[in-house]
Amino acid sequence: MKRRDALKHTAVLGGTAAFSGTLLSLLQACQSTPRLEWQPKFLSVDHAQLVSALVDTILPKTDTPGGLDVKVDMLIDLLWAETTDENQKQAILTQMDQFNEICIAKFGKVFHELDAKQRHSILEEAEANDPKFGGSVWGYPVGPQAPVGFYRAFKSVAIMGYCTSEEIGKNYLKYDPVPGKYQECVPLDDVDGVWSY
């Protein structure tokens, strides 16, 4: 399966819920910030390196831009800075430290210092062992929702940030700006796939 097709399927499985104006404004703020001038608003330098390394490993640059190209790491830092309370912030930092401790126990280094093969090994283990999201319909949870842990929650936010970035939304997903013109009857073949709004 090509990466572009995989992204489309992942966006569907991850749920493309409508996002608030606050979240969209955070995303736009990240897109207009030059990478060289970026200073984390919430994360320490070490934590920011973990976030950037995770984004680069989960969403590497291939024939499409990578997560770092569209500043997903900056979005995650800003999202956590602006939308979480102090207890949630501390929980995030604790989970990040625990994730790095797993890397140290297995390879003797924190995640951002690992080579590509070691990083993939850590993520494969997390993918196999971390709890999965419960069922949902159109982005709304259905039934009991157990905590999913740091890796799976992080991956979900990273993919959301990637798929809702302007570069990916306009140039790699089907794009239909909202509000758009009303079309009363559109053949189903004309609207297949994942849409970006």
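Here, residue 1 is the first one in the sequence, and each next residue gets the next number.
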Pair Phe111 + Phe99: ring centers closer than 6.0 Å: yes
Is the closest side-chain heavy-atom distance between [X] and [Y] below 4.5 Å?
X	Y	answer
Asp69	Glu167	no
Val45	Pro40	no
Val51	Phe42	no
Lys155	Ile159	yes

Specify the closest pair of heavy atoms between [X] and [Y], including all atoms of both residues, with the distance to one decimal.
X	Y	answer
Leu59	Ala158	CD1-O, 3.6 Å
Val70	Ile168	CG1-CG1, 4.2 Å
Lys106	Ile122	CD-CD1, 3.9 Å
Val157	Ile76	CG1-CG1, 3.8 Å
Thr83	Gln88	O-OE1, 4.1 Å
Val72	Gly161	CG2-C, 4.0 Å

Salt bridge (Lys or Arg N to Asp or Glu O under 4.0 Å) partners of residues 87-100, not counting sequence neighbours, each pair once: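 Sorted result for residues 87-100: empty, none.
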Inter- and intrachain pairs under salt bridge (Lys or Arg N to Asp or Glu O under 4.0 Å), touching residues 41-58, at least two apart: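 Residue pairs with at least one partner in residues 41-58: there are none.
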By side chain to side chain donor-acceptor pair (under 3.5 Å) - contacts of Lys109 (at least two apart):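 Lys109 satisfies side chain to side chain donor-acceptor pair (under 3.5 Å) with no residue once adjacent residues are dropped.
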Ile58 reachable from Met96 in the ILVMFWY side-chain graph, under 4.5 Å edges: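 Yes.
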Single-linkage hydrophobic cluster, 4.5 Å side-chain cutoff, Val110 and Leu43 together: no
Would you check if the side chain of [X] reaches a backbone N or O of [Y] as a donor-acceptor pair within less than 3.5 Å?
X	Y	answer
Ser165	Tyr162	yes
Glu82	Leu79	no
Arg152	Glu127	yes
Asp73	Leu68	no
Ser121	Lys117	no

Pair Glu125, Asn129: side-chain N/O donor-acceptor within cut-off below 3.5 Å: no
